[in-house]
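When a residue number appears, it is its place in the shown sequence, counting from 1. In what follows, every heavy atom counts, from backbone to side chain, and hydrogens, waters and symmetry copies are set aside.
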Amino acid sequence: MKTLFSLYAWLVWILHLLVALPVLVLALAIDPALGLRVVQATARSAFFLCGIRIRVIGTERVDWSRAHVFMGNHQNLLDPFVLVVAIPHHMVGIEKRENQRLPLYGAASRAWGNIPIDREDPEAARATIAEATDRLRRGTSIVILPEGTRTKDGRIGPFKKGGFHMALGAGADIVPFTFNGAYQLLRNGDWRLRPGTIEVVFGEAIATEDYTRETLDDLVEAVRGAVCSEFKG
């Protein structure tokens, strides 16, 4: 039954992406807010048909009128779609370049405006961070999963520092968020998808103006601590 359900669930996602992609490209050309509504409707429909409920906690802690850097743990391939449902305005993510070569998802990611990063090329990675910093200053929120890769065992790993340099450079607050339950529904290395509940908890914004390049490690620790404090394992 698990195998049959997983085949059904992935078919649901594939069909949703096939239908939504041309609509998304057209909507984004008209208005990013319209594109956001298209993606949110697509994700909500797919989650509903797969028996996955999204519970969002702590939205009242976030000033949604401002651009922020959102940072949280990375559980599985569904994370970007969960965030689209949870964050009520257009934002873009920094993700590894290989993701934008994936069928369907890659095309959707490029259309959405996500920023690819080449982690094997330090100079190119710095250029990516500079581009993201500029977009943040111009009012676009940026989502970063600072572990850099999906968890292999469900636990939260160490955070990479690139996104923190970006937040400092732009003078933007960092909003920590925590995924709970997603790993249990889709584990790294296992294609089988299960129904259930994914919880997203937003924490209080952490002002980067209280930190400098010299105290960057303290900022990393503060954000990771905030993410871990809401984590249920």
Side-chain angles (χ1 to χ4, degrees), residues 24-25 28 31-33 35-36 39 62-75 77 79-84 86-102 105-150 157-179 200 202-203 205-213 215-224 226-227:
L24 172 62
V25 173
L28 287 171
D31 182 4
L36 173 63
V39 176
V62 184
D63 180 358
W64 298 108
S65 67
R66 300 175 55 196
H68 302 288
V69 178
F70 291 87
M71 291 191 183
N73 55 323
H74 194 0
Q75 295 256 288
L77 293 171
D79 292 349
F81 299 100
V82 177
L83 286 172
V84 162
I87 296 177
H89 63 68
H90 184 261
M91 72 318 183
V92 299
I94 298 178
E95 62 181 354
K96 59 184 180 181
R97 187 174 298 277
E98 299 92 311
N99 285 359
Q100 296 200 344
R101 302 189 186 110
L102 295 172
Y105 174 81
S109 174
R110 293 191 300 272
W112 182 255
N114 281 355
I115 305 170
I117 188 168
D118 186 347
R119 296 182 298 183
E120 304 301 320
D121 185 339
E123 185 174 345
R126 284 192 291 271
T128 296
I129 295 298
E131 177 189 349
T133 302
D134 180 63
R135 291 174 71 170
L136 184 61
R137 285 173 177 154
R138 288 187 280 120
T140 299
S141 287
I142 305 290
V143 175
I144 296 177
L145 303 174
E147 291 167 281
T149 190
R150 289 168 285 161
F159 282 7
K160 299 180 184 299
K161 297 179 182 179
F164 293 91
H165 285 288
M166 178 193 70
L168 275 180
D173 292 351
I174 296 175
V175 175
F177 65 86
T178 307
F179 286 125
V200 189
F202 291 104
I206 296 173
T208 58
E209 64 185 17
D210 298 331
Y211 298 88
T212 65
R213 302 291 178 186
T215 59
L216 184 71
D217 287 344
D218 295 334
L219 176 59
V220 175
E221 183 177 345
V223 173
R224 189 176 183 279
V227 174

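Pairing each heavy atom of Ala226 with each of Thr178, the nearest pair is O-OG1, 4.2 Å. When all heavy atoms of Ala132 and Ile94 are compared, the pair lying nearest together is CB-CD1, 3.6 Å. Between Met166 and Val69, the shortest heavy-atom contact is CE-CG2, 3.6 Å. What you find for Val25 and Ala111 is that their closest heavy atoms are CG2-CB, 3.9 Å. Across all non-hydrogen atoms, the minimal contact from His68 to Arg66 is CD2-O, 3.4 Å. The shortest non-hydrogen separation linking Leu36 to His90 is CD2-N, 3.6 Å.
In this structure Glu123 satisfies the side chain to side chain contact (heavy atoms under 4.5 Å, CB included) test together with Asp121, Arg126, sequence neighbours excluded. Remark: Ala125 engages Ile117 in a side chain to side chain contact (heavy atoms under 4.5 Å, CB included) (not counting sequence neighbours).
Side-chain contact between Leu168 and Arg213: present, with at least one pair of heavy atoms (C-beta onward) separated by less than 4.5 Å. Put simply, the side chain of Phe164 reaches to within 4.5 Å of the side chain of Phe159, judged on heavy atoms. By the 4.5 Å heavy-atom criterion applied to side chains, Ile174 and Leu219 are counted as neighbours. No side-chain heavy atom of Val92 sits less than 4.5 Å from a side-chain heavy atom of Val143.
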Audit row: Thr149, His74, side-chain contact (heavy atoms from CB on, under 4.5 Å) steps and yes/no: CA-CA 7 Å; Thr149 190; His74 194 0; 5.5 Å; no
Test Leu77 against Tyr105 for side-chain contact (heavy atoms from CB on, under 4.5 Å), laying out the working first. CA-CA 10 Å; Leu77 293 171; Tyr105 174 81; over 6 Å; no
May I have the step-by-step check of side-chain contact (heavy atoms from CB on, under 4.5 Å) for Asp217 and Lys161, ending in yes or no? CA-CA 8 Å; Asp217 287 344; Lys161 297 179 182 179; 2.7 Å; yes
Run Val200 and Phe179 through side-chain contact (heavy atoms from CB on, under 4.5 Å) and show every step you take. CA-CA 5 Å; Val200 189; Phe179 286 125; 3.8 Å; yes
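No side-chain donor-acceptor contact under 3.5 Å links Thr133 to the backbone of Ala170. Under a 3.5 Å cut-off, the side chain of Trp112 and the backbone N or O of Met91 do form a donor-acceptor pair. In this structure, Arg224 contributes its side chain and Gly157 its backbone to a donor-acceptor pair below 3.5 Å. Looking only at distances, a side-chain donor or acceptor of Arg137 sits under 3.5 Å from a matching main-chain atom of Gly169. Not one N or O on the side chain of Thr128 forms a donor-acceptor pair closer than 3.5 Å with the backbone of Asp118.
In this structure, the separation between CD on Glu147 and CZ on Arg150 is 12.0 Å, given to the nearest 0.5 Å. Distance check, rounded to the nearest 0.5 Å: CD1 of Ile115 to CD1 of Ile142 gives 4.5 Å. In this structure, Gln100 CD and Asn114 CG are separated by 6.5 Å, a value rounded to the nearest 0.5 Å. Distance check, rounded to the nearest 0.5 Å: OG1 of Thr208 to NE2 of His165 gives 13.0 Å. With rounding to the nearest 0.5 angstrom, the CD1 atom of Ile87 is 4.5 Å from the CZ atom of Phe202. From Phe70, atom CZ reaches atom CG of Asp173 across 10.0 Å, with rounding to the nearest 0.5 Å.
For Glu221, the CD atom counts as loosely surrounded, since its 6.0 Å shell holds 12 or fewer non-hydrogen atoms of other residues, nucleotides or ligands.
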